[in-house]
Participant: 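This is the structure I want to talk about, given as structure tokens.
Heavy atoms only: backbone and side chains are in, while hydrogens, waters and symmetry mates are out.
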Amino acid sequence: MKKLFAALALPLIALAIAFTAPVSAQSSRDAVWIQIAARPSLREAENEARSFAARLPDVSGYALGGGWYGVVLGPYAREDAERVLQVYRAEGQIPRDSFIAFERNLRSQFYPVAADATQPAEPAPAPAPAETAVQEPQQQAALPSGLPDETPAQARRSESTLSREERMELQVALKAAGFYNSGIDGAFGRGTRASMGDWQAARGFEPTGVLTTAQRQALMDEYNAPLISVGMTRMEDAKAGIALQIPAGEVAFDRYESPFAHYTSKGGLGAQVLLISQPGDKRTLFGLYDILQTLEIVPLDGPRERGSDSFTIEGRNSKIVSFTQASLKNGEIKGFTLIWPAGDEDRRTRVLAAMQASFTRLDGVLDPAAGGDAVQSIDLVSGLEIRKPKLSRTGFFVDDSGTVLTTSDAVAGCTRITLDHGYQAEIAANNADDGIAILKPTQALAPAAVAGLSTASPRLQSEVAVSGFSYEGVLGAPSLTWGKIADVKSLDGNRNVARLDLTAQPGDAGGPVLDASGAVLGMLLPQQTGSRQLPEGVSFAVNAEVIRSALNAAGVTPAAQSASGGSLPNAAMTRLASGMTVLVSCWE
């Protein structure tokens, strides 16, 4: 019955990915492979490739460099590769530590052998004379060169010299390979011995349950194949005062811009590493924690934790996963950030663990003036791009609890909405027909000023001002744009909308339209609706009566208009408008 199930499994897998056809590496620069094995000898890799090819399609073999040979599936489009990887892993057809590989990681092809294929870098050994030839098992794994074979007794003696940490590492490697499922304790009991025997049998060795020195090395080489594929190497940065392992095959030093040492991508993977090094105290550490979360390299989703002298930040989106850790010790803040492409989680996890385990603080800290001559930009912090919203528009407070009125255009298609960048808000109501959206902050706010909706009809040719973030928050504060009431209805006769003789910017949309007394006559609508763009100097505003009805329908009681004391001086008008106006940002 078990054999029958195994026979049926492959057709089910083939059916599940039947739509996924391999792509030509020449036809797409985005073609990727799935690396399913890495072996330290050509013979072993060829045997492994033939074994996989007997039950899986699209199997190839390539030299990886450094004396290693990889067995891969593909090439595929990236999204197809991720699905194939998921299906084959779930069905147990490929090892669980298989991962996405890129063209730059692959060198000369050795399997399948074609008439015009490039010859492998390592020639096949000459056959030994017949009378002295020793027949090796067909599927036996090749052992690392330079390590002698051992008898079981010799293997036990060499095993007895292992530290507890080395024993635990072997258990971790056996568990990752799918042969061990007990605790990682460094004790080689019956469970560990059985898993060692199973690994030996699967690799073509005699299943003694005691690994020789060479077999232990082969097991660890298998486990570390993901790290080998990215060239994990210990690196010391004397200027930053940090030593750790980094994926040197994927990143290289680029520059210093305090407090960061930038190690940028040098290959197709797109990985990046930042070393963090600066003098400071807790206030500096907490400031760094806040600044990092405004950067494009730290996506919004993911866990964050800040303690009294350290923090960690993980950010994820559809493109990247970043992890940052930093700590304060003896007046020095040090740490690192690893930025990795999404969809390569197993390898990212291994790389991150190696970096964390090897992280060492050396003497010294990066000079705070490092990178001071770099090109400066308002959109950059130490050479890193600040995360920017999809768009920013204007809103204004309509009650004392911080409820905000803005334009529907400002909140369309947003995954997150913020007020003045620092406060999150949710949509309480959205009347797209009138272009009005009502936002509720997720925490209570105390506005400096609240809009008082006018109860009088606006007078033609009367002077008005729009308070808005004309340049979407670049200036840091709202500005007033002056104009006049051109008509109390729109061009098509809609009396819910007034026409203004006023030149507004896109960022002003959603801002309050105030009369000379400071009463709010309406809300400025966007300059462009659909494919229609208004002429310069023409703007429209939804009137106060429509706003009042929308607020009442949403259960919001608007603030009453204060008694008019005549026209306000410019300074008083600016203070009032600035206090009620808020920047509304839409984030993807």
Side-chain angles (χ1 to χ4, degrees), residues 393-407 410 419-420 434-439 441 445-471 473 475-488 495-505 507-525 539-552 556-584:
R393 296 294 183 258
T394 303
F396 56 98
F397 294 111
V398 292
D399 67 12
D400 292 330
S401 65
T403 302
V404 170
L405 192 81
T406 189
T407 172
L419 307 176
D420 287 342
D434 291 323
I436 295 174
I438 300 171
L439 308 179
L445 299 180
V450 174
L453 298 180
S454 174
T455 56
S457 299
R459 297 180 61 183
L460 289 174
Q461 298 302 309
S462 61
E463 192 172 65
V464 294
V466 171
S467 178
F469 289 87
S470 304
Y471 301 99
L475 299 181
S479 55
L480 290 177
T481 302
W482 298 89
K484 293 182 178 181
I485 299 288
D487 200 344
V488 293
R495 291 190 171 274
N496 291 334
V497 175
R499 177 162 60 91
L500 309 180
D501 182 5
L502 181 146
T503 301
Q505 301 295 329
D508 292 319
V513 180
L514 301 100
D515 66 14
S517 70
V520 174
L521 300 174
M523 180 194 74
L524 189 71
L525 293 171
S539 299
F540 290 96
V542 61
N543 66 38
E545 192 57 39
V546 175
I547 293 174
R548 186 176 287 104
S549 296
L551 292 174
N552 290 334
V556 177
T557 302
Q561 179 186 355
S562 59
S564 175
S567 297
L568 291 177
N570 283 347
M573 177 71 82
T574 300
R575 285 196 301 270
L576 176 66
S578 180
M580 73 172 68
T581 308
V582 61
L583 182 69
V584 177

Participant: For A451 and F396, which heavy atoms make the closest approach, and how far apart are they?
Facilitator: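 For A451 and F396, the tightest heavy-atom pair comes out as CB-CD1, 3.6 Å.
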Participant: Minimum heavy-atom separation for G435 to L525, with atom names?
Facilitator: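 Between these two residues, the closest heavy atoms are O-CD2, 4.3 Å.
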Participant: Looking at side-chain heavy atoms only, is the closest gap between F469 and V584 below 4.5 Å?
Facilitator: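 SC-SC contact between F469 and V584 ruled out.
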Participant: Using a 6.0 Å cut-off, check whether atom CG of D400 has over 12 heavy atoms from anything other than its own residue.
Facilitator: no
Participant: Please list, chain by chain and in numerical order, all residues satisfying side-chain hydrogen bond (donor to acceptor under 3.5 Å, both in side chains) with E463, sequence neighbours excluded.
Facilitator: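 side-chain hydrogen bond (donor to acceptor under 3.5 Å, both in side chains) check on E463 returns nothing, list empty.
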Participant: Does a side-chain heavy-atom distance below 4.5 Å link M523 with T407?
Facilitator: yes
Participant: Applying side-chain hydrogen bond (donor to acceptor under 3.5 Å, both in side chains), can you list everything that pairs with T481, at least two apart in sequence or on another chain?
Facilitator: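 Once residues adjacent in sequence are excluded, T481 has no partner under the side-chain hydrogen bond (donor to acceptor under 3.5 Å, both in side chains) criterion.
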Participant: Quickly, which of I438, V546, D399, I436 forms a side chain to side chain contact (heavy atoms under 4.5 Å, CB included) with L551? Name it, please.
Facilitator: I438
Participant: Looking only at heavy atoms, which two atoms of S401 and P441 are closest? And how far apart?
Facilitator: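 Shortest heavy-atom separation between S401 and P441 comes out as O-CG, 3.9 Å.
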Participant: Identify the heavy atoms of S517 and L568 that sit nearest to each other, and give their distance.
Facilitator: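 Looks like O-CD1, 3.4 Å.
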Participant: Could you pull out all residues at least two apart from N570 that satisfy side-chain hydrogen bond (donor to acceptor under 3.5 Å, both in side chains)?
Facilitator: none
Participant: With a 4.5 Å limit on heavy-atom distance, are the side chains of M580 and S467 in contact?
Facilitator: no
Participant: Atom NZ in K484, atom CZ in R459: separation rounded to 0.5 Å?
Facilitator: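 Output value for this atom pair is 12.5 Å.
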Participant: Please collect all side-chain hydrogen bond (donor to acceptor under 3.5 Å, both in side chains) contacts where either partner lies in residues 540-550, sequence neighbours excluded, each pair once.
Facilitator: E545-R548
Participant: With distance as the sole test, does S578 use its side chain to make a donor-acceptor pair with the main-chain N or O of T574 at under 3.5 Å?
Facilitator: no
Participant: How about V488 and P458: do any of their side-chain heavy atoms sit closer than 4.5 Å?
Facilitator: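 SC-SC contact between V488 and P458 confirmed.
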Participant: When rounded to the nearest 0.5 angstrom, what distance separates OG1 in T406 from CG in L583?
Facilitator: 9.5 Å
Participant: side-chain contact (heavy atoms from CB on, under 4.5 Å) with T557: which residues, sequence neighbours excluded?
Facilitator: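 For T557 there are no side-chain contact (heavy atoms from CB on, under 4.5 Å) partners, ignoring immediate neighbours.
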Participant: At what distance, to the nearest 0.5 angstrom, does CG of L480 lie from CG of L514?
Facilitator: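 Between L480 CG and L514 CG, I get 7.5 Å after rounding to 0.5 Å.
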Participant: If every non-hydrogen atom of N552 is compared with every non-hydrogen atom of P558, which pair is closest and at what distance?
Facilitator: OD1-CD, 3.8 Å
Participant: Without hydrogens or angle criteria, can the side chains of T394 and D508 be said to hold a donor-acceptor pair below 3.5 Å?
Facilitator: no
Participant: State, yes or no, whether a side-chain contact exists between L500 and L524 at a heavy-atom distance under 4.5 Å.
Facilitator: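 Of all side-chain heavy-atom pairs linking L524 with L500, at least one is under 4.5 Å.
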Participant: I'd like to check L502 versus V513 (side-chain heavy atoms, cut-off strictly below 4.5 Å). Are they in contact?
Facilitator: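 Side chain of L502 against side chain of V513, heavy atoms only: no contact under 4.5 Å found.
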Participant: Going by side-chain hydrogen bond (donor to acceptor under 3.5 Å, both in side chains), name the residues that satisfy it together with S454, two or more places apart in sequence or in a different chain.
Facilitator: none
Participant: Can you name the closest pair of heavy atoms from V404 and L419 and give their distance?
Facilitator: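 Looks like CG2-CD1, 3.9 Å.
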Participant: Side-chain contact test, heavy atoms from C-beta onward, threshold under 4.5 Å: evaluate it for D487 versus L460 and give yes or no.
Facilitator: yes
